[in-house]
Amino acid sequence: MKPLQIAPSILTADFGSLADEIRSVEAYVDWFHLDVMDGHYVDNLTFGPSTVAAIDKVTDLPLHVHLMISDPAKFAPVFVDAGADRISFHPEVVDDTHAVIEIIKKAGAGAGIAVHPDIEIDVVKEHLDDVQVVLMMTVRPGFGGQKFLNDVVPKISQAAQLVQESGKSADIDIEVDGGINLETVDGAVAAGGQIFVAGSAIFDGVDAPGAARRLRERLDRVGKGSE
Ligand code: DX5
Ligand code: ZN
């Protein structure tokens with residue numbers, strides 16, 4: 001079984017102390033998940049490549065940029081130059097998913113398909129030879145702090161099964177994004193999740209390192225349980 005990993009989303013972090021927030025949880029996590037929103041694909045606007053570049057200077061952990069934007073082909077290379085190690089995008093906004101995957105990989109990052117809660121998992125089927133991550137959204141894109149959508153759990157299992165049947169289990173991570181906390185993470189693991197995005201459950205303005213440590217301890221326990 002692959003190690004279970006944590007990717008905190010910085011969306012609800014204190015942007016006035018972003019470097020401190022990032023450093024405070026580094027010991028317990030494996031990636032940072034950077035939610036880029038353009039106010040078109042979603043009704044929210046977050047940050048751009050300069051923020052990603054600033055974060056890349058603060059941490060040596062890999063950065064997964066989640067593009068919730070209407071033109072991922074245009075901006076993916078800019079985010080790779082800023083330091084993104086992986087880039088996921090939403091296929092429903094592009095004409096040629098394969099072409100965008102190729103643009104991301106040619107720029108030097110790993111490519112991922114982000115699956116909106118309303119989008120069928122079949123959207124990933126023909127791309128399993130080319131992607132490194134399938135990002136299963138368990139909230140509606142746009143905002144941190146939303147409730148985990150339990151209805152998506154069967155779709156996570158379908159994604160895990162598709163990846164397994166493709167023979168690409170070693171090459172593709174199943175990442176679960178949205179509403180992950182100590183109450184929801186066990187179900188996400190059982191469904192086949194391997195990397196867990198947690199935003200408001202970690203950057204809650206109370207005790208980010210403690211929350212990250214508790215989630216790490218939970219995943220270590222759950223991971224042992226399934227060996
Ligand atoms: C939502 C983002 C998620 C979300 C995670 O559009 O893609 O990454 O912010 O934050 P929480 O864990 O608070 O749902
Ligand atoms: Zn995200």
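If you're wondering where the values come from, they're calculated on a predicted model, not measured in any experiment. Each ligand, and each atom within it, is numbered from 1 in the order the structure gives.
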Counting heavy atoms only, which of T46, D35, V176 is nearest atom 7 (O) of ligand 1? D35

Which option, G179, G199, A114, owns the non-hydrogen atom nearest atom 14 (O) of ligand 1? G179

Against ligand 1, does T12 come closer than 4.0 Å with any heavy atom? no

Does atom CG of D60 have more than 12 heavy-atom neighbours from other groups under 6.0 Å away? no

What do you get for the angle at the Zn ion (ligand 2) between OD1 on D35 and NE2 on H33, to the nearest 10 degrees? 90°

Check: H64 ring centroid to F32 ring centroid under 6.0 Å: no

Would you mind naming the N, O or S atom of D177 nearest to the Zn ion (ligand 2)? OD2

In H66, the N/O/S atom nearest the Zn ion (ligand 2) carries the name ND1

Part of S200 within contact of ligand 1 (heavy atoms, under 4.0 Å): both

Check this for me - ligand 1, D177, N or O atoms closer than 3.5 angstrom, yes or no? yes

Where does the angle between the aromatic ring planes of H98 and H127 fall among parallel (under 30°), tilted (30 to 60°) and perpendicular (over 60°)? parallel

How far is atom 6 (O) of ligand 1 from its nearest protein heavy atom, and which residue and atom name does that atom have? G142 N, 2.7 Å

